[in-house]
Amino acid sequence: MSADKKLIIVTYKPGQRLRRRLLFLFSCTLIGAGSFWAGQARETGLAGQGWEQMQQGLQIQESLAQELTDLRSENESLRQQIAILDRGRAVDEVAQRGTLETIQALESTVRQLREDVTFYKNIMSPAADSKGLTIQKLELASGSRDNKFTYKLVLAQMSDNKRDIEGVLAVSILGERNGTDEVLALRDVSPDLKGLGIKFRFRYFQEFTGEMLLPEDFKPEKVQVVVQSSGKNASTLEQLFEWKL
């Protein structure tokens with residue numbers, strides 16, 4: 001045996017190596033079990049926290065859904081109230097408009113009745129300066145078309161109306177067409193008239209009504225009425241009216 005080599009003698013123990021192996025395996029088992037339970041505890045905690053958050057989210061969602069339903073119901077109620085108010089306002093406006101139209105119609109009727117009373121009074125009891133045949137009034141109104149019009153002419157005998165008066169009248173429309181003065185005879189623009197004039201015969205008064213269709217490029221300005229009576233007290237009466245509807 002060389003000088004640099006030494007011999008060590010130990011006591012042989014057969015069970016010691018087995019105990020060491022078992023202790024090592026047990027240690028590994030404890031470490032693995034500890035890690036497993038620690039992981040499980042951590043995952044359980046995170047899962048519980050996520051569940052609580054999910055529950056809170058569902059509650060908020062249900063609350064918002066209920067609030068949305070309430071708002072929709074309130075909106076529908078407001079819509080119905082607005083519709084009721086609009087209908088009420090429309091009814092009020094129609095009623096008010098109808099009332100105004102009725103008032104205007106009544107005022108027009110009253111005005112017309114007053115004119116008629118004055119007219120009849122003048123015929124039955126004429127003034128001292130109102131004698132003989134008179135042109136009582138001429139009324140013009142728009143027709144169904146722009147150049148179509150209606151007329152109403154009234155002749156009256158203001159004194160000595162114990163006997164009929166007769167004669168003929170002529171009506172002319174004075175105006176302008178294409179920058180030139182022009183005169184249209186009523187018989188030329190009224191389809192109901194024929195002949196040179198309109199014959200009349202009455203004791204108190206007589207009305208003449210009809211329609212006239214003027215040329216589209218004719219601008220009326222005045223109406224001339226000429227009345228010629230016949231008989232013992234024959235006379236001629238002429239009056240010029242402004243074209244006023």
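Values below: all heavy atoms of this structure, side chains included; hydrogens, waters and symmetry mates excluded.
Atom CG of residue Leu213 and atom CZ of residue Phe149 lie 9.0 Å apart, to the nearest 0.5 angstrom. Distance CG/Leu155 to CD1/Ile165: 9.0 Å, rounded to 0.5 Å. Between the CD atom in Gln81 and the CD atom in Glu76 there is a gap of 11.0 Å [rounded to 0.5 Å]. Note that CG of Leu184 is 8.5 Å distant from CG of Leu174, once rounded to the nearest 0.5 Å.
Using a 4.5 Å cut-off on side-chain heavy atoms (C-beta onward), Val227 and Ile135 make contact. Counting heavy atoms from C-beta on, the side chains of Leu169 and Phe208 come closer than 4.5 Å. Counting heavy atoms from C-beta on, the side chains of Ile84 and Arg87 come closer than 4.5 Å. Proximity of Leu214 to Pro220: side-chain heavy atoms (C-beta onward) are separated by under 4.5 Å at one or more points. Side-chain contact between Arg187 and Lys194: absent, with no pair of heavy atoms (C-beta onward) separated by less than 4.5 Å. Put simply, the side chain of Val223 does not reach to within 4.5 Å of the side chain of Leu240, judged on heavy atoms. Between Ile173 and Met212, the closest side-chain pair of non-hydrogen atoms falls below 4.5 Å. Under the 4.5 Å side-chain criterion, counting only non-hydrogen atoms from C-beta, Leu138 is in contact with Phe241.
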Criterion side-chain contact (heavy atoms from CB on, under 4.5 Å) on Val189 and Phe218, from CA distance to verdict: CA-CA 12 Å; Val189 295; Phe218 180 79; over 6 Å; no

Worked check of side-chain hydrogen bond (donor to acceptor under 3.5 Å, both in side chains) between Gln66 and Asp70: CA-CA 6 Å; Gln66 183 62 40; Asp70 295 341; 3.1 Å; yes

Val94 and Arg97: CA distance, side-chain angles, deciding distance, side-chain contact (heavy atoms from CB on, under 4.5 Å) verdict: CA-CA 5 Å; Val94 171; Arg97 185 165 58 251; 3.5 Å; yes

Residues Lys152, Val154; criterion side-chain contact (heavy atoms from CB on, under 4.5 Å); working and verdict: CA-CA 7 Å; Lys152 178 181 178 181; Val154 181; 4.2 Å; yes

Check against side-chain hydrogen bond (donor to acceptor under 3.5 Å, both in side chains), Gln228 and Thr236: CA-CA 5 Å; Gln228 176 67 54; Thr236 302; 2.2 Å; yes

Audit row: Asp92, Gln96, side-chain contact (heavy atoms from CB on, under 4.5 Å) steps and yes/no: CA-CA 6 Å; Asp92 291 341; Gln96 183 179 8; over 6 Å; no

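A salt bridge links Arg89 with Asp86: the distance from a Lys NZ or Arg NE/NH1/NH2 to an Asp or Glu carboxylate oxygen falls below 4.0 Å. Checked for salt-bridge contact, Glu182 and Arg177 meet the test: a charged N lies under 4.0 Å from a carboxylate O. With salt bridges taken as basic N to acidic carboxylate O contacts below 4.0 Å, none links Lys199 and Glu166. Looking at Lys137 and Glu139, a side-chain N of the basic residue comes within less than 4.0 Å of a carboxylate O on the acidic one, giving a salt bridge.
Under the 3.5 Å distance criterion, the side-chain polar atoms of Thr150 are left unmatched by any main-chain donor or acceptor of Glu211. With hydrogens and angles ignored, the 3.5 Å screen pairs no side-chain donor or acceptor of Ser108 with any backbone N or O of Gln104. Although no hydrogens or angles enter the test, the distance criterion places a donor-acceptor pair under 3.5 Å between the side chain of Ser229 and the main chain of Ser235. With Ser73 contributing its side chain and Thr69 its backbone, the two residues share no donor-acceptor pair below 3.5 Å. At distances below 3.5 Å, at least one donor-acceptor pair connects side-chain atoms of Thr109 with backbone N or O atoms of Ala105.
The aromatic ring centroids of Phe202 and Phe200 lie less than 6.0 Å from each other.
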